[in-house]
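First up is the structure itself, then whatever we jot down about it.
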Amino acid sequence: MDFPMLHLLNHPLAAHVITHLRDKTTKPATFRTLCYQISLLLAIDATRHLPTEEKAIETPLEPMTGRVLAPQPLVVVPILRAGLGMVQPFLDIFPDVSVGYIGLERDHATAIARSYYCKLPPVAGCRVLLVDPMLATGGSAVKAIDVVHAQDATNITLVSIVSAPEGVAEVEKHYPSVPIYTAALDRELNARKYILPGLGDFGDRLYGT
Ligand code: PRP
Ligand code: URA
């Protein structure tokens with residue numbers, strides 16, 4: 001499979017964390033910690049192209065010119081509910097980030113996502129990181145990208161933990177210039193549109209429902 005916009009996290013720690021997330025014996029408290037850890041790794045990976053600018057400083061020994069992040073507004077947008085579990089690491093490493101929320105829920109029978117909530121800061125001219133742990137059919141991701149794209153976000157990046165090839169293809173079909181950062185590209189969807197081997201229902205496992 002050739003997915004030009006897919007960036008797969010390649011790190012032994014990511015493999016370790018993903019395996020424990022997948023394990024059905026992992027309980028919600030541990031699941032939440034693992035979710036934080038993998039999301040932190042993804043946050044670092046997905047922002048590797050953020051612009052920087054020079055800054056003159058003095059170390060205790062001599063003056064030097066370092067680099068710091070250029071002041072471009074960054075907005076992280078979790079797709080509720082499961083995406084909430086991925087937000088904290090972005091807040092921890094980018095203290096000036098703004099947070100918006102898009103609520104989407106898949107219908108159990110059709111797997112088509114229904115929108116139930118949207119609260120966004122101004123995103124025009126901003127870099128937007130859409131975060132959702134599961135990219136299955138891609139229906140939720142495309143709906144969420146539609147929303148921020150319609151509000152003139154300059155630069156949209158999708159960050160997921162586990163992706164199905166079907167979902168990546170769907171996003172690339174609708175938005176070929178949106179990069180997708182993920183920690184695992186799984187085999188396929190099952191008849192109920194769950195990812196195989198996957199990890200089950202992320203939201204249920206995160207919140208013990
Ligand atoms: C899950 C997941 C994604 C969506 C992915 O959410 O968090 O948002 O399914 O599936 P898709 O690619 O086929 O659209 P769900 O709808 O189960 O809601 P939840 O986060 O409230 O559990
Ligand atoms: N949503 C999930 O939480 N898991 C899947 O496998 C597919 C959609």
Side-chain angles (χ1 to χ4, degrees), residues 6-48 74-95 97-106 111 113 116-117 119 128-141 143-145 148 156-165 167-168 171 179-187 189-190 192-209:
L6 187 70
H7 302 263
L8 195 55
L9 191 57
N10 184 10
H11 193 288
L13 189 54
H16 175 89
V17 172
I18 280 278
T19 298
H20 288 291
L21 279 170
R22 291 185 191 281
D23 186 338
K24 69 178 185 184
T25 67
T26 300
K27 295 199 164 47
T30 307
F31 194 90
R32 286 190 286 274
T33 302
L34 295 165
C35 176
Y36 178 94
Q37 292 170 347
I38 198 74
S39 302
L40 178 59
L41 292 171
L42 282 164
I44 293 166
D45 204 36
T47 52
R48 60 171 58 249
L74 193 63
V75 182
V76 63
V77 179
I79 301 178
L80 308 180
R81 134 197 86 143
L84 272 181
M86 299 178 70
V87 173
Q88 192 58 45
F90 288 85
L91 298 176
D92 290 346
I93 59 175
F94 299 110
V97 73
S98 313
V99 184
Y101 301 89
I102 293 178
L104 293 169
E105 186 177 27
R106 292 199 327 173
Y116 63 87
Y117 187 70
K119 191 165 180 88
V128 173
L129 295 153
L130 277 172
V131 300
D132 189 341
M134 305 303 273
L135 177 59
T137 65
S140 304
K143 276 204 164 90
I145 299 171
V148 288
I156 303 168
T157 298
L158 180 64
V159 185
S160 74
I161 295 177
V162 179
S163 298
V168 177
V171 173
I180 304 170
Y181 285 80
T182 194
L185 180 63
D186 275 13
R187 194 175 70 244
L189 299 179
N190 70 9
R192 293 176 53 230
K193 309 295 185 196
Y194 275 78
I195 301 174
L196 295 175
L199 50 73
D201 187 304
F202 200 99
D204 284 350
R205 297 199 59 195
L206 189 67
Y207 296 119
T209 50

Checklist entry - If you take all heavy atoms of F94 and A43, which pair is closest and at what distance? => result CE1-O, 4.5 Å

Next on the checklist: Using side-chain heavy atoms (C-beta onward) and a distance below 4.5 Å, is R22 in contact with D186?
Outcome noted: yes

Item to check | Set of residues satisfying salt bridge (Lys or Arg N to Asp or Glu O under 4.0 Å) with respect to R106, sequence neighbours excluded | outcome: none

Item to check | Considering all heavy atoms, the nearest L196-L189 contact | outcome: CD1-C, 4.5 Å

Checklist entry - Taking only residues two or more places apart in sequence, or in another chain, which ones meet S39 in a side chain to side chain donor-acceptor pair (under 3.5 Å)? => result none

Checklist entry - Taking all atoms of both residues into account, what is the closest heavy-atom pair of V159 and A46, and its distance? => result CG2-CB, 3.8 Å

Next on the checklist: Is there a side-chain contact between L9 and Y181 in this structure, where contact means two heavy atoms from C-beta onward sitting under 4.5 Å apart?
Outcome noted: no

Next on the checklist: If you define the side chain from C-beta out and look only at heavy atoms, does anything of P28 sit under 4.5 Å from Y207?
Outcome noted: no

Checklist entry - Residues two or more places apart in sequence or in another chain: which of them pass salt bridge (Lys or Arg N to Asp or Glu O under 4.0 Å) with R192? => result none

Next on the checklist: Using side-chain contact (heavy atoms from CB on, under 4.5 Å), reason through Y117 and L104 one step at a time and then give a plain yes or no.
Outcome noted: CA-CA 7 Å; Y117 187 70; L104 293 169; over 6 Å; no

Checklist entry - For L21, does its backbone N or O pair with a side-chain atom of R205 as donor and acceptor, under 3.5 Å? => result yes

Checklist outcome for this item: OG1 of T157 to CD1 of I180, rounded to nearest 0.5 Å, is 10.0 Å

Next on the checklist: Can you tell me how far apart OH (Y116) and CZ (R81) are? Round to the nearest 0.5 Å.
Outcome noted: 7.5 Å

Checklist entry - Could you give the distance from CD1 (I18) to CG (L34), rounded to the nearest 0.5 Å? => result 9.5 Å

Checklist outcome for this item: Tightest non-hydrogen contact, residues S160 and T182, listed as OG-OG1, 2.9 Å

Checklist entry - What distance do M86 atom CE and L206 atom CG have between them, rounded to the nearest 0.5 Å? => result 10.5 Å

Checklist outcome for this item: When every non-hydrogen atom of V171 is compared with those of A141, the smallest separation belongs to CG2-CB, 3.9 Å

Checklist entry - Going by the side-chain hydrogen bond (donor to acceptor under 3.5 Å, both in side chains) test, which pairs reach into residues 27-36, not counting sequence neighbours? => result Y36-D92

Next on the checklist: If you compare all heavy atoms of K143 against all heavy atoms of A113, which two are closest, and at what distance to 0.1 Å?
Outcome noted: NZ-O, 2.8 Å

Checklist outcome for this item: CG (L42) and NE2 (H11) are apart, to the nearest 0.5 Å, by 12.0 Å

Item to check | Residue pair Y194 / D201, side-chain heavy-atom distance below 4.5 Å | outcome: yes

Show the atom names and distances, to 0.1 Å, of all donor-acceptor pairs under 3.5 Å that link a side chain in residues 128-140 to residues at least two apart or in another chain.
residue: D132; atom: OD1; partner: M134; partner atom: N; Å: 3.4
residue: T137; atom: OG1; partner: G139; partner atom: N; Å: 3.0

Item to check | Y101 vs L84 side-chain heavy atoms within contact, under 4.5 Å | outcome: yes

Item to check | Backbone N/O of F31 and side chain of T26: donor-acceptor pair under 3.5 Å | outcome: no

Checklist entry - Hey, are the side chains of V75 and V97 touching, using non-hydrogen atoms and a 4.5 Å cut-off? => result no

Checklist entry - Does I156 reach the side chain of L158, with side-chain heavy atoms less than 4.5 Å apart? => result no

Next on the checklist: Within the structure provided, determine whether L80 and I102 are in side-chain contact (heavy-atom separation under 4.5 Å).
Outcome noted: no

Next on the checklist: Within this structure, what is the OG-CG distance for the pair S163 and L6, rounded to the nearest 0.5 Å?
Outcome noted: 6.5 Å

Checklist entry - Mind checking what makes side chain to side chain donor-acceptor pair (under 3.5 Å) contact with T25, not counting sequence neighbours? => result D23

